[in-house]
Structures are given as C-alpha cells and as structure tokens.
Amino acid sequence: MAIRTLRYRTASLSATFLALFLGTVIVMTCGGLLETGVRNNAPAQRLAGADLVVAADRELPRGDETVVLDERPPLDGSLTAAVRNVPGVERAVPERVFDAAVLGDGDAPEVQGHGWSSAAVTPYELTAGRAPRGPRDVVLDEATAGAYGVRPGDEVRIAARGGAAAYRLTGVVRTGHAVGRGAVFFTDERARALSPAVADIAVTAAPGTDRGALKDRLGDAVAAHTAAGRIPAKVVSGDDRGAVEYPDVLTRREDLIAVAGAFGGMATAVAVFVVSGTVGLSVERRRREFALLRTAGATPRQLRRLLLAETLLVALPAAAAGWFAGPPAGERLFEEFTGSGMVSGAVAYEQGWLPAVAAGGALLLTALFGGYVGGRRGVKIKPVEAMAEAALGTRWAHPLRIVLALLFLGGAAALAILTWVLFDGPIAASTAGPTVLCTAVGLALLAPGLTKLCTVLISGPVRLVTGASGELAVATARARAVRMAGVVTPVMLAVAMATGNLYLQTTQTDAAREAYAETLRADAVVDSPAGTVDPALAADVRAADGVAAAGAYVTGTGWIDGIGDEDGVPLQGVDARGAARTTALEPVAGDVADLTGRTVALPAGAAGGRGVGDTVQVRFGDGAEVPLRVAVLFAGRDGYDTVFLPADLLAGHTDGGLPQQILVTAEDGVGAAELTASLEKTLADHPGTRVTDRDELIEANVEDTETQAWANYLILGMIVAYTALSVVNNLVLSVTGRRREFGLQRLAGATRRQVLRMLTIEALIVAGIGVGLGTAAAATALVPFSHAAADSLLPSGPLSIYGVTVAGAVALALTATLVPGWAALRRRPAEAALAEE
C-alpha cells in the first residue's frame, strides 16, 4: 500500500526527501570538519625526505590542560652532535627556519629562509644554476624567481632579521610541494648568522636500519640530553613531521574543533526540527485520510506500519544520496577554511565512516520520530473522533512537550544570567551562543500555542488595516494556528540563528578592536615585510622631524597564573622610553619608565593581589618560564587582559628574535601625511622597511577574530539556507494542501485576486510571528553578551544585518505562499473543491 501511494504524494515526499538529504549533507560536513580537526594529519612537505625529525615539544602540560606554544622553541645547539652519535643515523641536519622577504616593485612576497644543507633532506631539486657558496649567494624556488623574472646571475634584494642586503641569485630549485610559502636558501654560515636558533633536526637513517628501533634510540638520547632543565624535545615520523614543518597545524587545531563542534551541534538540532517538522506536516495533511482508514476498519498498528514503510522508502534513498554528497561538500568547505587562514593549508581533510553513519542514523531516526509524532493521534484515536479532529487539528499540547520546553527556556535563562553576571570580554561568547539555541528550541516546542496567541493579539490591527481579506486571513490563521506553527518554527529558527550569531560575531570583533585601540596611542607604525626590524632603527626614527616619541614593539602570547584563560594572555613588548606616549598605559602603581630588564606590567584588576615589587612567573610563547618583577600596575579593561613587558625581553622569546615594529607618535600639530613623509625620508637609508598607519596595526591585531568570524559566517549561512529551504518546503506543503479550501471559496464567490490577497496577508502573518519570536530568541543572548563584552545593552554591527534577515524571511514567506497558491488557483473551482487535502 505504501509503494502504491508514493506516486500520489510527490509534493510531500519530495519535500521530505530534500529535507533529509540536505540535513544529512550538512551534518556530515560538520562531522568531517570535526574529524579533520581531531586527526589533524599534516603530510610532510619540506621534510618529506627526512625519515625522522627531532623538534621541541610544543604541547606543554599546564595544570589539567595542555597548551600549545605559539612560538617555535629553539633546540639546544649541542643536541645535533648527540643525535649524530646515535647508531643508525646516517645524517642529521640542523634546520634553521626564519622569515624573509624578496624586495622589489609591488608587494614583497614572504618566503622562508633556510641553510643550503637542509635542501639535501627535502624534496628540493636544483633545476638551474648552482648551490650558494659565498655569504652573498642565494637560491630561490621557481615560483618566487618567476614572480620577479630573475634567473641565475641576477641580483636580488632580500630582507631578513631586521635588515636587507643585495644577493646574487646562483640557482633555482623546484620545491616539489604546493603548500606553504616560497623558499630562499643561504649558505649554512649565512643562515646561522640570520637565525642562530636551531628549529629542528632532520634525520636520515642509514641503509638497512630499522626506523622504529632508531626512533626509540633517538628518543632515549634526546630525553637524556634535554633532562637538565631544557625545553623537552621529541622524535616524530610520518605525518607528525608536518606539524613540525608548519607550526600553525597545532595552534589552529583547536579553532577548527571548536567551530565544527559548535556548529555541528547546532546543525544537528536544526536538522532535527526541520526534518521532524517537514515529516510531521506531511503526515498532518493526511489526518482526514487516516480518519477514513480508521472508519473503514484499519487498526492503529496497521497505520503505524504504513507510516513507517513510507518514511523508510523516502529516508533511506535520501540518506544514501547524502552519504555520497557529504564528503565533497565538506572538502569544499574545508578549502574555504584553509584559504581564509583559519586552518593550516598543510592539514589533510579526513572524513571516515563515523560522521556518515552518525549523520545518516540521526536523520533517519529523526524522520521516523517525526512521522510517529505527526501521526500519533491520527492512528490512536477512535474513528469518529478522528473524523472530527481531522477537520480541526487543534490539539498539540503534550505534558512531555511542555516539560521539555520549560527545561530549555529555563536553561536559556540560566545561561543569560551567567553571561550577564559572571563573564567579561570575549569569554562571554561561550555561554551566549548556546543561549540562542536553547531559547529557539524552547520556543519551537511551544510554537503552536505561541502562534495561536500571536494570531489573536494581531487580529484586531490586521482587520483594521486590510479589511475583508485581512479578516478572512485572520480567521483562517486562527483556525489553522496549530498547522501554521509548522511554518512559523523554521522562520523563527532562521531569524534567531542569523540575528543572534551574526551580531555576536560583530559585537565581539568590534569590542576586541576597541579594547586594543584603547591601549594604542601611536600615529604610525614602521615595520618590514620580513617581520622584524633592527632595534637600532628606533633611534633614527626618534630623531626624525615631527616625531614626539618612538619605541620598539613586539607581540606574543604567554601564561601567567590568574590572568587570561587556557589559551594564554596577550603580551605586548614596549620600549619604556616611548611607552608613555605610544601606548595608553595608565599606571595605578609604579612608573612606566621602570619597565626595563626583567620586569612586567600587569592589569590592576587581574593582578590577583600582586603589587609593585612582587615576583610573577611568566611562561613565554617559546616555553621558557622566567620570574619577572612587577614594575607597574595599570588600569585595564575587564575581560581584555593584556600584559606589557620590555620589548627586548619579549622579542628574545619569539621566532623572529627581534622587535616586529616601531610605534611612532607625532608631535602636536603634525598631521598624518606630514609624519609619513618625514618617516619615509628617514627610512630611505633602511631598505626593507615601510610606514603604515595605526589602523592597519589595529586590524592586524583582530585578524584572528575576523578570520574565525568569517568561518562562522560561512557555516551559519549554510545552516540558515537549509532552514530557509524548510520554510519553503513547509509553506508549499501547507498551501498545496488547501486546494479544496480555495475551490470552495471560489464557488462561494471569491475571486482569484481576493484569495491571493488573503494568502499574502497570511504569509505576512507567518513571517511577522516568526520574525518576532526569532528576534526575542536572539535578544536573550545578545543583550547579556553586549553588556559583558562591550558595556552596552545593544549589540554593535550594521543595522542592515537585521534588515536583510527580516526582508529575507518576508520574501521567502511571500514567494513560497503565492507561487503554489497561484498554481492551485489555476484549477477550476468545482474540480478544486473535490480535491483531497
């Protein structure tokens, strides 16, 4: 019977198939991203020719957590000799990795510098010229050499380690991999001068050596060598070499897991509501049919089996199609993530069978549950009662449904209170995001009752404005309020998620930008495309015309007990001679001029009882732990803790080893253009340096926040689009099921125009109720979050976000109502009046 009726239910079954298919794809996509983040496999590229690699361990236990160091901890210089002495080692090459830039017209491409000996253990092939032999010889990769149109024998200018010099290009190499930046090779002696620290040791095993046994022997030798207070080192092989080659593989891993996990949960919850709502509405349309079957003698068990068979006939092909479409969709989304910089391009996308089974199983169970719930009363009640209820369809409240709704709304209220009372700054987003979802779920469970209440409340104004058509629309809406809730729910979900999550991101980004800008008074910034500047350059900048103050500047991340979170606290290295004018350090205790040597400035509100003269242990981004004396306590912004240190101290614990920028403040009355011209004149004698304004520095500081926001927008857009599709599905199902009603109205004297006007008003009522409930759900998170993050009751961000969201909801509702309504009205009234719902 189920098979024979399939061809008569094309519209409802197509809607169910589409909801299940896309739901499976979206959940599989988020599952694939989550699995990729958990596995975090990064095949070796530059180090592919090394059998084993010795590197510092960047995963450092800290209490109950394991933190990932942002910088590359240097290896002890004598470790290379210890590795070479291990039996079975044929070659051990100390790798030096540092940032550089090729100078020329246009933007300077960033490249990585290396010593030439490291090319022997990497897939680099010399295709033209020869190896570097002198201190002014270099070899470039093909892509970089081609970008500048240089060939062996030409002169190139390269900036590295705070300076720039002219070199002779002696050769060109083919890299053998497409991931990562270009490469420039110096002689080993020159590379040692530019980068004293050893980043890793590439090991090649002697022929016939068992690599597993060699790895164990190397591990013992490395552990013994690093036991005496040095940064722990480890021996890696296989894909773990990629994490050594690309440091951001580890630092970006948590971002991908957090985003995929959060949106995966949201996508699953939304898919459950969308699928169950679509299936339930499809079943709801057949209440009259079920009533007739019950009157004809069908038992509840037979009807349940019929529903189960029909649902399986649709769900299984939908899940199978989603199974094949999910991995390509996930891989395409992952490419967008890597392109934006949120995830390292070296990480390989991984999607095994587990996300597919979880997605397919969850959506299949959801479909069966939706069918069960939608037809529960239709298959259980007595035949006579079934005929009456098929015409009304007003019962919706179930004790379990009410209890679940109250639980979700209570949880949302608790989360909102926690956000308002306990949290400050960006950490408030951890509770604000779930608040939107909990409120939306609670309102969705109560949607039939809320829709009926809202319809009653707006009935008077609608009648007053729209006349007879509006009165008919309101009467129809009140009579069909329970069924209308199936359309209101996805509208509410789409508006709540779009408004809530988009404004959460814009508010968080704007608050981070404002908090950083408050600590910065510089009018211009001097930096280099190679990432570091010469500390001595600050004196020349200070002497330039129109400069009131200038000082070295460097940023990093560190860990201090009681300050920041598990991800650490931002560190800013400044020059005490210019810090009072270039930064907004407002001392509560101590003097900024004392911020020299091994000292630190702490925010007074997060100092935890520490005072000037006390000692605090600071764990730097390279893993070194150093005791520092508190020289200054300053007024900081709650939730946006920042710690200041001397620039030379912090620079020594970064990969570059030198200041990254020089902050410059102009004298009173000196404009931005005048200051820039004066600085460019001074920097003419320092090739490889440039002048930028403070806005670029501020934007660079919030780059990570904006990158993650972009990724959130991408996934959110996918989920909202899916929810919007559900709006269309449900509206089309609802309208096409009313052909009989439209026919009777036409026979009673109504014109097509009058019926379409009634449908337009109904669509506006649906959109209005959905937008109102969605806005209320979003507000439960946005108001407390804005208070915690930005000391405001209103979120920041363009009003156009909300305008576009509302306009989109109204446009969807009108289109999905009027198009099938117009199609239904094309039938002759008498024929339509005899049609089944």
Side-chain angles (χ1 to χ4, degrees), residues 62-63 419-430 508 510-522 549 551-621 625-650 653 663 665 697-698 701-702 786-792:
R62 183 173 173 82
T419 305
W420 182 287
V421 174
L422 294 184
F423 297 134
D424 292 309
I427 194 174
S430 61
Q508 185 171 354
D510 289 347
R513 181 183 290 107
E514 182 181 347
Y516 182 74
E518 287 177 357
T519 68
L520 186 67
R521 287 181 181 161
Y553 181 72
V554 62
T555 60
T557 302
W559 288 267
I560 303 174
D561 289 337
I563 303 179
D565 54 22
E566 67 274 4
D567 294 327
V569 61
L571 304 180
Q572 295 187 36
V574 296
D575 189 335
R577 290 170 291 182
R581 298 289 300 272
T582 57
T583 60
L585 266 173
E586 299 178 1
V588 174
D591 190 341
V592 177
D594 295 332
L595 195 61
T596 59
R598 291 181 171 243
T599 57
V600 63
L602 303 178
R610 305 179 182 99
V612 174
D614 292 342
T615 300
V616 59
Q617 294 288 331
V618 177
R619 174 79 72 176
F620 286 97
E625 190 169 19
V626 181
L628 302 180
R629 179 179 60 85
V630 178
V632 181
L633 294 178
F634 64 93
R637 183 171 179 176
D638 292 339
Y640 295 89
D641 295 328
T642 298
V643 172
F644 290 87
L645 305 95
D648 55 352
L649 173 64
L650 179 56
H653 295 281
L663 302 184
T665 301
L697 184 60
I698 293 172
N701 184 262
V702 297
S786 299
H787 173 267
D791 293 328
S792 170

Asks: Show, in sequence, the C-alpha distance, side-chain angles and deciding distance for F644 and V600, and conclude whether the side-chain contact (heavy atoms from CB on, under 4.5 Å) test is met.
Replies: CA-CA 6 Å; F644 290 87; V600 63; over 6 Å; no
Asks: Taking atom CZ as the centre, does R577 end up with more than 12 heavy-atom neighbours from other residues, nucleotides or ligands that are less than 6.0 angstrom away?
Replies: no
Asks: Could you check V569 against T557 for side-chain contact (heavy atoms from CB on, under 4.5 Å), going step by step and ending with a plain yes or no?
Replies: CA-CA 6 Å; V569 61; T557 302; over 6 Å; no
Asks: Under a 4.5 Å cut-off applied to non-hydrogen side-chain atoms, are L595 and L645 in contact?
Replies: no
Asks: Dump the intermediate steps for side-chain contact (heavy atoms from CB on, under 4.5 Å) on L628 and T615, then the final yes or no.
Replies: CA-CA 5 Å; L628 302 180; T615 300; over 6 Å; no
Asks: Distance from S786 atom OG to D510 atom CG, nearest 0.5 Å?
Replies: 10.5 Å
Asks: Do I560 and V643 have side chains that get closer than 4.5 Å, going by heavy atoms?
Replies: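 SC-SC contact between I560 and V643 confirmed.
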Asks: Specify the closest pair of heavy atoms between A593 and A576, including all atoms of both residues, with the distance to one decimal.
Replies: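 Answer, listing the atom of A593 first, then A576: O-CB, 3.9 Å.
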Asks: Taking the side chain as every heavy atom from C-beta outward, state whether R598 and V626 have any pair of such atoms under 4.5 Å apart.
Replies: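 A side-chain contact exists here, since the closest heavy-atom pair is under 4.5 Å.
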Asks: Rounded to the nearest 0.5 Å, what separation is found between the CG atom of L585 and the CG atom of L633?
Replies: 11.0 Å
Asks: Can you name the closest pair of heavy atoms from T665 and R581 and give their distance?
Replies: OG1-O, 3.0 Å
Asks: What's the separation between atom OG1 in T582 and atom CG in D575, rounded to the nearest 0.5 Å?
Replies: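 It is 8.0 Å, given to the nearest 0.5 Å.
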Asks: So which atom in L649 and which in G597 form the shortest heavy-atom distance, rounded to 0.1 Å?
Replies: CD2-O, 3.7 Å
Asks: Can you tell me how the ring of H653 sits relative to the ring of F620, calling it parallel under 30°, perpendicular over 60° and tilted otherwise?
Replies: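 Because their plane-to-plane angle is under 30°, the rings of H653 and F620 count as parallel.
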Asks: After noting the C-alpha distance and the side-chain angles of R610 and L602, does the key distance pass the side-chain contact (heavy atoms from CB on, under 4.5 Å) rule?
Replies: CA-CA 9 Å; R610 305 179 182 99; L602 303 178; 4.0 Å; yes
Asks: How close do T599 and P646 get, heavy atom to heavy atom, and via which atoms?
Replies: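 Heavy atoms of T599 and P646 come nearest at O-CD, 3.2 Å.
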Asks: If you compare all heavy atoms of V632 against all heavy atoms of P587, which two are closest, and at what distance to 0.1 Å?
Replies: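 Nearest heavy atoms, V632 then P587: CG1-CB, 4.0 Å.
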Asks: Ignoring hydrogens, what is the shortest heavy-atom contact between T642 and P603? Give both atom names and the distance.
Replies: O-CD, 3.5 Å
